[in-house]
Amino acid sequence: MAVDWDKVEFKGEKRFLSNMYACNIIYKDKEYRSSEHIYQAMKSKNLEYQEYIRGLEEPKSTKKEAHRLLGEVYELREDWDEVKLELMEEILYLKFTQNLDLQEKLLNIKGHIEEKNSWGDTFWGTSDGVGQNHLGRLLMEIRDR
């Protein structure tokens, strides 16, 4: 049974859409605990940094640690702004093809998916109705594929 939500938010039963949702994903022959783990790990080409981020328990910790370490201890990859959208698309594709329960939930969402947030991220989502909603757009593309 398809669910038809207008402007799906990543809360409650739709929390699985978030990169902070814990689910195992194999990326380049390594297991990660969430899509956020992969995204934050790939911000640097340093293998020590990548393994450290991969080993963190919680998805929220990966974001916090990436902010703390990048620029201070490890270098942010120079092409990050050019590769982050394509990387996120690949990560999301893997998340929903490797976790069939999540795939089924995604396929049951009809209509617009919007990553609404209160922390001001207007690149990946929208805040106070303003933003590019790249995460929502990628999810809709993957769903419709």
Side-chain angles (χ1 to χ4, degrees), residues 1-28 30-46 49-50 52-54 56-145:
M1 178 178 183
V3 180
D4 191 5
W5 288 302
D6 184 34
K7 294 192 176 181
V8 175
E9 296 182 59
F10 300 8
K11 296 179 181 177
E13 64 188 33
K14 296 161 299 255
R15 178 93 173 106
F16 75 96
L17 294 169
S18 170
N19 287 327
M20 296 295 178
Y21 187 83
C23 65
N24 292 332
I25 304 169
I26 305 295
Y27 178 76
K28 296 191 176 183
K30 294 184 179 185
E31 188 170 1
Y32 290 80
R33 292 183 172 101
S34 72
S35 48
E36 190 70 18
H37 278 80
I38 303 169
Y39 182 77
Q40 296 300 334
M42 294 303 112
K43 284 184 172 182
S44 176
K45 293 182 178 181
N46 183 287
Y49 166 81
Q50 290 176 4
Y52 173 71
I53 296 295
R54 188 171 78 86
L56 293 172
E57 194 70 31
E58 297 295 323
K60 284 186 178 183
S61 301
T62 66
K63 191 170 190 175
K64 180 181 174 188
E65 286 297 284
H67 284 292
R68 184 179 73 81
L69 294 171
L70 291 171
E72 293 292 321
V73 180
Y74 301 101
E75 286 186 37
L76 176 70
R77 55 189 288 179
E78 64 283 346
D79 63 347
W80 183 243
D81 285 333
E82 290 81 42
V83 301
K84 66 183 177 183
L85 269 172
E86 186 177 321
L87 175 66
M88 183 61 77
E89 182 177 11
E90 180 181 9
I91 293 167
L92 292 172
Y93 179 80
L94 293 173
K95 174 181 178 177
F96 289 102
T97 56
Q98 293 177 15
N99 295 277
L100 298 181
D101 58 326
L102 301 182
Q103 180 184 90
E104 184 177 347
K105 289 180 181 184
L106 178 63
L107 291 173
N108 283 325
I109 296 175
K110 305 299 178 203
H112 185 74
I113 298 174
E114 184 173 336
E115 196 278 324
K116 291 183 177 183
N117 64 73
S118 59
W119 52 89
D121 182 347
T122 58
F123 181 81
W124 290 113
T126 63
S127 185
D128 294 326
V130 176
Q132 298 176 59
N133 192 38
H134 284 293
L135 188 55
R137 291 172 194 258
L138 289 173
L139 287 165
M140 289 183 286
E141 285 176 23
I142 290 166
R143 174 199 62 198
D144 297 343
R145 215 189 282 173

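Positions are given from 1, in the same order as the sequence printed here. This structure is a prediction, so every number in the text was calculated from the model and none was measured.
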Q: Hey, could you give me the NE2/NZ distance between His134 and Lys84, rounded to the nearest 0.5 Å?
A: 8.0 Å
Q. Does Gln50 reach the main-chain N or O of Ser44 with its side chain, forming a donor-acceptor pair under 3.5 Å?
A. yes
Q | Beyond-backbone contact of Phe96 with Phe16, side-chain heavy atoms, under 4.5 angstrom | A | yes
Q. Side chains of Leu92 and Leu139: closer than 4.5 Å at any heavy-atom pair?
A. yes
Q | Full working for side chain to side chain contact (heavy atoms under 4.5 Å, CB included) between Tyr49 and Ile53 | A | CA-CA 6 Å; Tyr49 166 81; Ile53 296 295; 3.5 Å; yes
Q | Sub-4.5 Å side-chain heavy-atom contact between Glu78 and Lys45 | A | yes
Q: Could you tell me whether the side chains of Asn133 and Glu114 share a donor-acceptor contact shorter than 3.5 Å?
A: no
Q.
Less than 4.5 Å apart, side chain to side chain, heavy atoms only: is that true for Glu86 and Glu90?
A. no
Q) Which atom pair, heavy atoms only, marks the closest approach of Met140 to Gly111? A) SD-O, 3.9 Å
Q: Please assess Asn19 against Trp124 for the test side chain to side chain contact (heavy atoms under 4.5 Å, CB included), listing each intermediate value before the final yes or no.
A: CA-CA 11 Å; Asn19 287 327; Trp124 290 113; over 6 Å; no
Q. Do Lys63 and Met20 have side-chain heavy atoms sitting under 4.5 Å apart?
A. yes
Q) In Å and rounded to the nearest 0.5 Å, what is the OG to CZ distance from Ser34 to Arg54? A) 12.5 Å
Q) Counting only heavy atoms not in Asp128, do more than 12 fall under 6.0 Å of its CG? A) no
Q: Can you measure from OG (Ser61) to NE2 (His37) and round to the nearest 0.5 angstrom?
A: 7.0 Å
Q) Tell me, do Phe10 and Ile113 make a side-chain contact under 4.5 Å, heavy atoms counted? A) yes
Q: Check whether any side-chain N or O of Arg33 sits under 3.5 Å from a backbone N or O of Pro59 as a donor-acceptor pair, and report yes or no.
A: no
(Q) Do Leu102 and Tyr21 make a side-chain contact, defined as non-hydrogen atoms from C-beta onward lying under 4.5 Å apart? (A) yes
Q.
Atom CD of residue position Gln132 - does it have more than 12 heavy atoms of other residues, nucleotides or ligands inside 6.0 Å?
A. yes
Q) Atom CD1 in Ile109, atom CG in Leu17: separation rounded to 0.5 Å? A) 4.5 Å
Q.
Taking side chain to side chain contact (heavy atoms under 4.5 Å, CB included) as the criterion, tell me which of Lys43, Met42, Arg77 meets it with Val83.
A. Arg77
Q: Working to the nearest 0.5 Å, report the span between NZ of Lys116 and NZ of Lys11.
A: 8.0 Å
Q) For the side chain of Asp121 and the backbone of Phe123, is there at least one donor-acceptor N/O pair under 3.5 Å apart? A) yes
Q) Rounded to the nearest 0.5 Å, what separation is found between the CD1 atom of Ile25 and the NZ atom of Lys30? A) 15.5 Å
Q: Go through the steps for Glu89 and Glu141 under the test side chain to side chain contact (heavy atoms under 4.5 Å, CB included), then give the verdict.
A: CA-CA 9 Å; Glu89 182 177 11; Glu141 285 176 23; 3.9 Å; yes
Q) So, do Ile38 and Thr62 sit near enough that their side-chain heavy atoms are less than 4.5 Å apart? A) no
(Q) Taking the basic N atoms (NZ, or NE/NH1/NH2) and the acidic carboxylate oxygens, is any pair closer than 4.0 Å for Lys60 and Glu36? (A) no
Q. Between Glu31 (side chain) and Asn24 (backbone), is there a donor-acceptor pair under 3.5 Å?
A. no
Q. Does the side chain to side chain contact (heavy atoms under 4.5 Å, CB included) test come out yes or no for Asn46 and Tyr52, once each step is laid out?
A. CA-CA 10 Å; Asn46 183 287; Tyr52 173 71; over 6 Å; no
